[in-house]
Amino acid sequence: MWTTESRRVYERPGLRYPSDLTDEEWALVEPLIPPAKRGGRQRTVDVREVLNCVFYVLMTGCQWRALPKDLPPRSTVHEYLGLWEWDGTLARIHHALFVDVRELAGKEAGPSVAIIDSQSVKSAGKRGARIDPSGYDAGKKVKGKKRHIVVDTLGMMLEAQIQPDDIQDRDGALPVLKEVRRLFPFIERIFADGGYQGAATAAAVRELGVWHLEIIKRSDIAKDFQVLPKRWIVERTFGWLGRCCRLAKDFENLSRMALAFLRLAMVRIMMRRIARSWKS
């Protein structure tokens, strides 16, 4: 529930748009953005304004052609976003902020427990020569793509992948868990729901090492809503991500750009959490 104290913590006065970066948030990400290439003309683009524009699109969900005129041109912003996704800048920013958030909470940089889940997202109307395939989830009756994420006990995203919606959870778990294993080798236990039960997920866990997979099922006799241990953490993360209107549907032609916006949504959460801690 919003109170006078909580509103004071979360308000962002003095900004042109609520999505703009504050000075504290910019100080977090500025050292992680690659400098301009040596030689040739000097960079004239204000990178902070580029990030402001990207977060504006992320939060409002507006079309690129509908960007306000006081933000950089859409071609410039889209080019920088594609470059940062391609050269790993977004992944490095995400990982650096993830470590900072965990240390801020008094935890080790590398987690030992993780929770995995997926979210089916409807596809929006698209056109163009390059469109990554989507699928149809017969269980949820959704045609689109699937966001497969792994989070820690704080709800911070460890890794994610965008997959067609017709891939079952137990089959799509292996590629995302492989990446998690590479980045966070000290994980010992994975929590998942009943959709991951089966030989495919068990074989994936055995292939990846000494992890212990624990399936948390909903009680068969429960009729009303029931909060399940550990599983509520990843569901809360999906709720956090859902505050960004760009993630309401699958608007991106390319899965890698959909993943870029998913990372940016988590970067936004972690960046603001760290910046608020500096003020308190």
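The model shown is predicted, which means the values in this text are computed figures rather than measured ones.
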Minimum heavy-atom separation for [X] to [Y], with atom names?
{"X": "Ala160", "Y": "Met157", "answer": "CB-SD, 3.6 Å"}
{"X": "Leu154", "Y": "Lys107", "answer": "CD2-CE, 3.7 Å"}
{"X": "Ile233", "Y": "Asp152", "answer": "CG2-O, 3.6 Å"}
{"X": "Arg272", "Y": "Ser19", "answer": "NH2-CA, 4.0 Å"}
{"X": "Cys244", "Y": "Ala265", "answer": "SG-CB, 3.9 Å"}

#### Entry: Under 3.5 Å: donor-acceptor pair, side chain of Asp132, backbone of Ser255
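Yes; at least one donor-acceptor contact below 3.5 Å.
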### Task
Examine distances only and state if a side-chain atom of Arg147 and a backbone atom of Ile162 form a donor-acceptor pair shorter than 3.5 Å.
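No, because the side chain of Arg147 does not come within donor-acceptor range (under 3.5 Å) of the backbone of Ile162.
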### Query
For Thr76, which residues count as a side-chain contact (heavy atoms from CB on, under 4.5 Å) partner, sequence neighbours excluded?
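Only Val45, Pro73, Tyr80 meet the side-chain contact (heavy atoms from CB on, under 4.5 Å) criterion with Thr76.
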### Message
Just so I know, are the side chains of Leu21 and Leu51 near enough to count as touching, which here means a heavy-atom distance under 4.5 Å?
### Response
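Leu21 reaches Leu51 side chain to side chain.
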### Message
Measuring only between side-chain heavy atoms, which start at C-beta, is Thr237 closer than 4.5 Å to Ile149?
### Response
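Sidechains of Ile149 and Thr237: in contact.
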Which residue pairs satisfy the ring-ring contact (aromatic ring centres under 6.0 Å, His included) criterion with at least one member in [range], sequence neighbours excluded?
{"range": "residues 239-277", "value": "none"}
{"range": "residues 31-54", "value": "none"}
{"range": "residues 26-49", "value": "none"}

#### Entry: His95/Phe184 aromatic ring centres below 6.0 Å
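Between His95 and Phe184, the centre distance is under 6.0 Å.
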#### Entry: Sequence-distant partners of His148, side chain to side chain donor-acceptor pair (under 3.5 Å), two or more places apart
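Listed in chain order: Gln163, Tyr196.
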### Query
Listed by chain and number, what are the side chain to side chain donor-acceptor pair (under 3.5 Å) partners of Arg12, not counting sequence neighbours?
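Side chain to side chain donor-acceptor pair (under 3.5 Å) check on Arg12 returns Glu25.
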### Query
Which of these passes side-chain contact (heavy atoms from CB on, under 4.5 Å) with Lys146: Ile167, Asp137, Val121?
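The side-chain contact (heavy atoms from CB on, under 4.5 Å) with Lys146 is passed solely by Asp137 among Ile167, Asp137, Val121.
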### Task
Starting at CD1 of Ile93, measure out to CZ of Arg263 and round the result to the nearest 0.5 Å.
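Going from the CD1 atom of Ile93 to the CZ atom of Arg263 covers 11.0 Å.
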### Task
Decide whether Glu49 and Asn52 meet the rule of one side-chain donor and one side-chain acceptor closer than 3.5 Å.
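Result is yes, a qualifying pair exists.
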### Query
Could you walk me through whether Lys145 and Asp166 pass the salt bridge (charged side-chain N to carboxylate O under 4.0 Å, His left out) check?
CA-CA 8 Å; Lys145 293 182 182 177; Asp166 54 358; over 6 Å; no
